[in-house]
Amino acid sequence: MTERVDFDTATAAAFSFMRRHLAQLGSRTVLIRNLRGQFRILAEKKNLPQCDIGTLSQEFQARLGAYGGGDPGPIFTRKDLFAADTLFDSPDILELSDPDDPTAPIIRHLDHAIMGADWLRTPGTDNAMEHPHRVVFYGVKGGVGRSTALAGVAWYLAARLGKRVLVVDLDLESPGVGGMLLPMDRIPSFGLIDWLAEDAADNQPERLVQDMTAPSPLSGQRGGMVRVAPAAGNNPDNYLVKLSRAYLSEGRTPQRSFAARLHRLLTDLEAANAPDITLIDSRAGLHDIAAVALTHLDAEGLLFAQDSPQTWAGFGALFTHLRSHRRLAALRERFKMVASMVPAVDSPAYLAKFRENAHTLWSNTLYETDSNGDGQAFNFDIGAEDAPHHPLPIPWLPQLQAGIHPNLEPEDAALLDPLKPLNQWVENLLAPAEG
Amino acid sequence: MSEFTPKALRTLCRSLPGSVEGYFGHPQLQNSHLYLPSSHLRALDPKAPLVVGMRGAGKTFWWQALFNNLNRAVQAAATAGRVHGRVVARACFGERTGQDDFPTPALFRDLLNTFSPEEIWRTIIGFHLFESQSALGTLSSWSQRAAWTRDNVEPFESELRSANQTLRTAGEFRLLMFDAMDTTSRQWQGDKGLQAILRALLALALEFRNYSAFGLKVFVRQDMLDSQVLAFPDASKLYNNKVELTWPRRELYGLLWQYLGNQAEGETFRNECHSLFQQRWQQAEDGGAWLAPPAMNQDEDLQEKVFIAMAGRWMGHNQRRGKTYSWLPNHLADAHAQTSPRSFLAAVLGAAENTPEDNRLALHFDGIKRGVQKASQIRVAEMAEDYPWVEKVMERLRGEVVPCEFGRLAEKWSSLDILGWVTRPDDDDSNPGRPLPGNLTGSDPKEFREALIQIGIFQSLHDGRINIPDVYRIGFGLGRRGGVRPVR
């Protein structure tokens, strides 16, 4: 074997090896990747003959080179390890399907990464619990008017429709939406960061929940209410120190994974505030917190984008990763693109190009191949308004750039007009299901 | 209750026309079912000589409605126009009328061996304008009449002037209508080609525009109007004032209401429009057609509410699969975002046929999906009638996946005898009927690309790839790209 092996080819080779030999190794076999990127295999079958292990190991190492591991290994069985069960039953194991072949067996994969595994982990069962509608606002790049749009939608739902809205600022590295909706003197005592700090120390974080939200003046007169849970409370002490521990994920116990912690936080906030809908401002970029927000919170995902190569490359990386998600089918139909800051000049042409590029992204990754046009495949034409790639447009307007702030008067509500498609989309979520 | 009685309305929908022949064919052409989109009013204006529309937009429909003297069409023409007197429409070319109003296509082609296109058109025009005792009126064959026209240029002109005077005195505007242009010839270029024939007719339409008591009205497809056809003096005056037959969404729904309200069992539907939406239908003064109140044809918000009461709000259990009201026309649209009214009605019919009897609403969203697939087949058949080459060319692409690079599609053509088929002599009997557009010489697959883009089957993306809208993709059996294989 003289072919050069790198991270990508080794990954592909490891998975293809697993699929070829899974019957021999046992279906619960785990493919492990260590922090350095090297692969090991923990075979399920206890009494795999030593000679078979030898042959398989040889093949594995020949194909993976340096990524195939060294001595000992790369193939272990239960009896080689002291506490094999903790590995076999680890909540961090990802069950990955082959996006190119739905009939291929599921591979159990344990990725000892520094962070990032939350993108593909299957949500915990407590997600099945009843909770209010949730919408995550996300962008692979920041500065695209995501938080402004969120604040506008919250204002619209409360002031125009009389809804109870909970706004959660999950953008811990760059908090913003809190300041748009709350005057300085109304910032509550505690922020999300405090809950996460207390939770990490196992110090009854639920105590804080009552003092983590405050009502926004932009709630209107129709019985609606915007309550805001900012990232930081009114005491800025130790923010960075808390932040550096915020994403703590102790994978060995499912309840301690970051996803589970965030879910608990959200559930607590919702229990205390009883909203009709929860709007979540996720931080931008390919970060763990965004992964959790988009894939673990049982939420709709609004994907903010501008038509630029960097944007599509970013979403491309994210979507390619999501292709192997076992619950892809449930996930992708809840995404919707948002074309933010659409230029005023020639906007139809801009949107047409956006649609085509978004369609290319989706067809290359998350749409299903439609071979017979029977309408069953998850696949959409470029111009299909209902498709996830087909964007809700938000025009670039000076008044939106100036932003939303808590001192706006009801007559400033014209600010909401450009957000109409987005407002309407979110409003439709609240309509009762049919049929 | 906020919905239509499902069973009654479903039955009503099942009586909608659902074939290529339906709607615009003779049998269904009834005064009561005639729906007049507000944008089509201008097309009926007797002083608008050039009417352009895609296949299925209603060119032949209006030709027939006027010819058959359907009250509301004729009245609309009189109201729309700036003409004096009543409008009397004559069929000067088009589908057979059962009378000797104009030469048959075969005879027309035969006449071209002896006469120029202009001479033939003048003959037909004179025949419909001059007194029956005039020379043209007394001759018994079209070749004799054409010979007279050719040899009597000056008498023809004076007859024309006196005919105009006579009509004026009698208080009549005579509208001379021309349709089905592509049956006049089997070739596109040359002296006897469709280009020359159409050019001669359009030049006459312009020339006769100044007569006060008669005028020409020519119905053509946009793709027929190439630069050669328009190569006559002042053609731009005609072209820039052309009237386009289009079907925006609200008119498609207006057409649907018109059909439902005027079917034999339409009373329940009309009554429920009133009880549910305070929309009271009224019968036309002549006691014929039932007419929906204007809001039902113009107000899209109201239309959506009415359709929701038929079909529900969403194309699924929630908004993720889109709104029924926009989904239906959207999924029938071609690359120019145009939807043919026939496929729209056929889709509603198919939706009703595929909705279970015990469904809570008249139409189920899964039924609508099936209906759209069926309508896709109908649209493909419709196009095949007008463009036989399209069927051949698209047949080769079956099983391909779009969007894709054009080169991939071009390969499918060049490897087979498609190009040869296109370039075969025009009067070869294996290639009967319609002529191929002049821009198809068969020398380069790019010609197909341009032609398919023009007629709305191909959509050219900004990166140069080709997409095919669902209405044609499904009917022609192509797939759509996806990044993951479906799980079933």
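First the proteins, then the strands, lettered A, B, ... as listed; each starts at 1.
With ring centers used as reference points, A:Phe354 lies under 6.0 Å from A:Trp312. Less than 6.0 angstrom separates the ring centroid of B:His317 from the ring centroid of B:Phe365.
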Residues B:Thr246, B:Met54; criterion side chain to side chain contact (heavy atoms under 4.5 Å, CB included); working and verdict: CA-CA 8 Å; B:Thr246 58; B:Met54 66 168 180; over 6 Å; no
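The choice from A:Glu385, A:His390, A:Glu356 that makes the most heavy-atom pairs within less than 4.5 Å of chain B is A:Glu356.
In this structure, the portions of A:Asp101 lying under 4.5 Å from any heavy atom of chain B include both its backbone and its side chain. Looking at B:Pro403, only its side chain comes within 4.5 Å of chain A, counting heavy atoms on both sides. Using a 4.5 Å cut-off between heavy atoms, B:His331 contacts chain A through its side chain alone, with no backbone atom that close. Of the two parts of B:Arg465, only the side chain, counted from C-beta on, holds a non-hydrogen atom closer than 4.5 Å to a non-hydrogen atom of chain A. Looking at A:Arg355, there are no atoms closer than 4.5 Å to chain B (heavy atoms on both sides), in backbone or side chain. Both the backbone and the side chain of A:Leu429 have a heavy atom closer than 4.5 Å to some heavy atom of chain B. Contact of B:Asp470 with chain A is made through backbone and side chain together, with heavy-atom distances under 4.5 Å.
Note: A:Glu300 CD to A:Lys336 NZ = 11.5 Å, rounded to the nearest 0.5 Å.
Scanning for side chain to side chain donor-acceptor pair (under 3.5 Å) contacts around B:Thr11 gives an empty result, with sequence neighbours left out.
The one candidate from B:Phe344, B:Trp327, B:Tyr253 that meets the ring pair (Phe, Tyr, Trp, His ring centres under 6.0 Å) condition with B:Phe307 is B:Tyr253.
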